[in-house]
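Worksheet: the structure to be examined is printed underneath.
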Amino acid sequence: MTNNTLFIDGQEIPFEAGQTIMDAALAAGIYIPHLCHKPGLSPHGSCKLCTVDVDGRSASACTLPASNGMQVDNNTPALNEVRKTLTQMLFVEGNHLCPTCSKSGDCTLQALGYHFGMLDGHFPPFYPRREVDASHPSVMLDRDRCILCELCVRASREVDGKNVFAISGRGAQSHLIVNTVSGKLGDSDLQTGDMAAHICPVGAILIKDHGYEVPIGMRTFDLHSVAESDVASPVTLKKTEHHDA
Amino acid sequence: MQTELRSSLAGNQCSDHLLHRLHDLQSRFQHIPAQEIPPLATELQLPISQVEAVIDFYSFFHRSPRGRIDLLFSNCTSCGDLSLMQQLCTSLDVSPGITRADGAVSIDETSCIGMCDQGASLLVNGRIMTRLNPQRLQQIAGLVNAGTPLDAWPAEWFAVPDHVRHPGLLLNDALQPGAGLRAAIQRGAENLLAEINQSGLRGRGGAGFNTSLKWQLCRDAPATTRYVVCNADEGEPGTFKDRVLLNTYAQQVFEGMTLCAYAIGAKHGYLYLRGEYRYLLPTLEATLAEQRAANLLGENILQQPGFNFDISIVVGAGAYICGEESALLESLEQKRGVPRVRPPFPVTHGYLGQPTVVDNVETLVAATHIAVQGGQWFKAQGTEKSAGSKVLSVSGDCATPGIYEFPFGTSLQQVLDACGGQDAQAVQVGGPSGTLVGQAEFGRKLAFEDLATGGSIMVYGAQRDLLAVVRNFSHFFAHESCGFCTPCRVGTPLLRKYVDKIASGHGTPYDQEEMARLAKVMKRRSHCGLGQTAANPLLDLLERFPHVCTDRLLHQDYEPFFNLDAALATTRTLTHRDDAEAHLS
Amino acid sequence: MPKIRIATTSLAGCFGCHMSLLDIDERLVGLLEHVEFNRSPLTDIKHCGPCDIGLVEGGLCNAENVHVLREFRQQCKILIAVGACAINGGVPAMRNHYSVQECLEEAYLNGVGVDNPMIPDDPELPLLLSKVHPLHEVVRVDYYLPGCPPSGDAFFNILSDLLAGREPSLPKAMLHYD
Ligand SMILES: Cc1cc2nc3c(=O)[nH]c(=O)nc-3n(C[C@H](O)[C@H](O)[C@H](O)COP(=O)(O)O)c2cc1C
Ligand code: SF4
Ligand code: SF4
Ligand code: SF4
Ligand code: FES
């Protein structure tokens, strides 16, 4: 065995010190499903879609540091079944009525549903009542679809140098809040060009007025599977999500 | 921001800790008034969103006023009795969770308050009241309606006796304050670590990590600042031994922290006390003051130049998850108690990112005794892999609930014999996150290698409905999930739904299968111990008492999750209809 | 060989799925050699007799939807939830954001342009459920055909599979929720 390699589904791949399993996999062009992870932002480990088995033990690929000789099970029927169940849990937890959502076709949660062959939410839906915030001139916040991935929270803090978003509450009552006295997005310093305004993997943060510029059927995941898109060029996702330059 | 906090927290009072400031507001206004939040955030130099997030995370902070008398009944299977809550609601004319219109009183339930050997119990304005019965509730109703201030209520209602029924290795070993420190200083830090290593001491908080190794790792982690944190969050239902240790043996707890500080080179320590135990605060502060006066804390401890260490107490506010060590550290850092990603572990990246030892109360007490008596003394009891003794909190259907200290390796049956629990059909060992065992397994030994336990032994007699017990636990976990990760945030409420459905006689074999499938995903894929153990009681029940569930099942293909007729109730009212077509069976 | 009997209905849906079923186009002719339609908007048969396959479009928004769904479940060997609304409530479920009381008051009492404000109480009208529910919350569903609507190809695919006695499957490319 050479130094600094690990095995994903039997395939030997190299890694550098400090990389997580996810980093190493993406660098080697291997897709490990992920939802709360975006290269360049600090890993979070909350959605658990990247669940893998490392030497027989469950782990999150996006947070576990790679180490030499690790045997990682990734693309197995059993793990994909677990991931499908987690995707279904995210669907029933919120209000995901895709035909009513302008993110449809560009949504990573939906694309993961396709990827795992998910047909229905399976579990009894929660029907949460969550607040919609339309106070910002160009950005819409629809909490019904928020999956609490904290990508916007991290993007705002780590890339935009602001602190627009946070998660509040506990358990099933957890919800996204805005760091202003009023709690309204319109009173925040969020700008359309901020990464936090674009990074939402679902239709919870949307740029206003651009929702249907690309017709349904021609969108990111109508044309490519999430596996292709997320391995080939993780950033292009962000680019094609909204079309406001 | 965090460094500023550090300097303000270094004082013993910690009065500027966000949790303490919010507690003050809550007591003053019976809620956190919205207009108080921005100035508080400014003063503490915290983002508003952080203050808001913390308010909504912890159960004891409220957005709208609670009653001037706010009663929280424990809903634990040992120290809770919600029929008493209903009774008081009726006599005071309040609905649970809704403050009475005159603002005088509010009544609600809360997770186990650690009074499991004291009879049905409640928290009233943060104070503990034990041994509840219908007659006491009548008296309470009278006092509330008369507007009698809490201070004028009979003091004996608030008594919490220790109930040490069977002292063992530690509780029988009387120590002079400072004896452990003096012995340690004589030996030197290296030898103290060696002694603890030799004792075989493993953490008493549940996980059983080797204590000397934890201290050594922290000592070896490169840093200039290190911390000792005592985990006194004791939130596992059925556990109350730390409460007794803090009540009567606090000196040994603090000395254990100081020993750890000596070993790892920490200057400051925190005791994180669960909010339910706030009533212990005056005693604890007094003990700290005594120890400072005796030069067992403070500067140049016991005349050792440069041996400086002091302890602050931070009080939680109703969140079981804050017992998980990394969530505890987040809470100490004035945030929501969300477990961190590990690795890195607290021993290298703990409080404020610095190497930190987090140890359970009992672990620290044991360390103090080991420092005096030596590792051999400790190791003489217990089993090969589980050295020493375990302080058990025994409660439920037994004659003498209370504290029992036994050597590790003692069988469950021996504990049941000692506490008068011969009638038991089942025992929940280690609390809801532990193991539910039936009579066939009463011969098993309490030890890390067999039946591991953080100390909770809940006895269920022949009359108990075990499905009701498991249902209680599934509600507990759904209420306490921090909400960080998908399997637990969504899984615990789903599990609660399935168990409710089955317990109410609407479950089908299909529901049971689905529930078990979900349970396995949660167990394996959750981020922290809470989600990983939340389904244990249910899985144990299905494995060991299968008929308890199957007997309740409907033998049909499918049954809805909701009551269809009830789903028409609103529109029936709005249309004033009650004809046959206005109903669904 | 006896023909496969199919029933279809639209509950809280928009008939879009039925339109899409017709999008099978000329393949429908071939299909009709093997199937006959029982209760369906296409036949105007009012009650469902014993059937092999039931295709249900739309979710459950009122008491009548529940009766019809139960009839389908009772009469059909295989019940298929067709389209987004049947599977998770779809567009009608947007009303779940509000209470049914708020919805009715907005529509019949307080809304713009309402005259003669009154919530209809005619016993002929089915009562609304407090929320719009997907089918699988009330009966056991055998198969799901997602899409808003599912394409004609998707319909053809699932029916061909069932007619051939195969476990129905959907090529990934045909799987969409919108
Ligand atoms: C959900 C959860 C709750 C916990 N609660 C407590 C607790 O109340 N007290 C405690 O000492 N340890 C608790 N623990 C264990 C701690 O994470 C940690 O292992 C312990 O404090 C380490 O101390 P020890 O080595 O002395 O046992 C909890 C763990 C989890 C996952
Ligand atoms: S956010 Fe994604 S999954 Fe949710 S409704 Fe929109 S497209 Fe569908
Ligand atoms: S708004 Fe979007 S990016 Fe932000 S937490 Fe919710 S789902 Fe994630
Ligand atoms: S398992 Fe539960 S308590 Fe632990 S991190 Fe996940 S949601 Fe929070
Ligand atoms: S991508 Fe790893 S947990 Fe979300």
Side-chain angles (χ1 to χ4, degrees), chain B residues 95 97-98 478 486 489-491 493-518 521 550 552-585, chain C residues 11-12 54 59-79 81 88-89 92-93 95-96 98-110 117-142:
Chain B
S95 311
I98 300 171
T486 312
R489 182 184 67 244
V490 189
L494 277 177
L495 217 52
R496 178 179 59 189
K497 257 189 215 198
Y498 281 111
V499 179
D500 282 354
K501 192 179 182 193
I502 293 174
S504 65
H506 291 95
T508 62
Y510 173 68
D511 290 321
Q512 183 175 316
E513 260 169 53
E514 283 296 298
M515 177 172 78
R517 189 176 74 94
L518 177 69
V521 171
T550 44
R552 295 307 159 92
L553 298 180
L554 293 172
H555 290 281
Q556 62 192 44
D557 191 39
Y558 196 87
E559 171 77 5
F561 262 93
F562 63 102
N563 182 322
L564 283 155
D565 194 52
L568 293 175
T570 315
T571 42
R572 266 198 302 271
T573 314
L574 288 172
T575 56
H576 315 289
R577 282 177 55 185
D578 202 19
D579 52 290
E581 291 300 311
H583 286 276
L584 279 168
S585 52
Chain C
L11 305 177
L60 303 161
C61 80
N62 63 29
E64 190 208 3
N65 294 158
V66 176
H67 292 305
V68 175
L69 178 64
R70 282 176 169 168
E71 181 181 298
F72 266 68
R73 179 67 277 184
Q74 234 164 29
Q75 300 290 357
C76 303
K77 286 190 202 132
I78 293 172
L79 189 73
N88 77 354
R95 83 145 150 103
N96 292 350
Y98 306 92
S99 72
V100 66
Q101 176 158 1
E102 287 170 300
C103 293
L104 287 172
E105 286 175 351
E106 177 66 21
Y108 295 108
L109 301 181
N110 310 325
M118 168 192 158
I119 293 176
D121 56 1
D122 190 319
E124 288 285 300
L125 293 173
L127 282 186
L128 294 187
L129 296 163
S130 59
K131 286 193 163 61
V132 177
H133 293 268
L135 306 188
H136 74 262
E137 271 201 284
V138 174
V139 299
R140 165 98 85 158
V141 170
D142 298 306

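Sequence lines set the chain letters: A, B, ... in the order given, protein chains first and strands last, and positions in each chain run from 1.
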Does any N or O in the side chain of [X] come within less than 3.5 Å of the main-chain N or O of [Y], such that one atom is a donor and the other an acceptor?
X      : Y      : result
C:R95  : C:S99  : no
C:N96  : C:K131 : no
C:N62  : C:L129 : no
B:R572 : B:A582 : yes

Students often mix this up, so state it plainly: with edges at 30° and 60°, are the rings of C:H133 and B:F562 parallel, tilted or perpendicular?
parallel
Flag the one option from [options] with the top tally of heavy-atom pairs under 4.5 Å to chain C.
options                        : result
B:T573, B:L574, B:T508, B:T570 : B:L574
B:R577, B:H576, B:H583, B:E559 : B:R577
B:S585, B:A569, B:A580         : B:S585

When the 4.5 angstrom heavy-atom criterion is applied to B:D579 and chain C, the contacting part is side chain
With a 4.5 angstrom heavy-atom cut-off, could you sort out which part of C:R70 is near chain B: side chain, backbone, both or neither?
side chain
Honestly, the part of C:L104 sitting under 4.5 Å from a heavy atom of chain B is side chain
Using only heavy-atom distances, determine whether the side chains of C:E105 and C:Q101 contain a donor-acceptor pair under 3.5 Å.
yes
If you count heavy-atom pairs under 4.5 Å with chain B, which of C:I119, C:L60, C:D121 comes out on top?
C:D121
Hey, which of C:V139, C:V66, C:D122 has the most heavy atom pairs under 4.5 Å with chain B?
C:V139
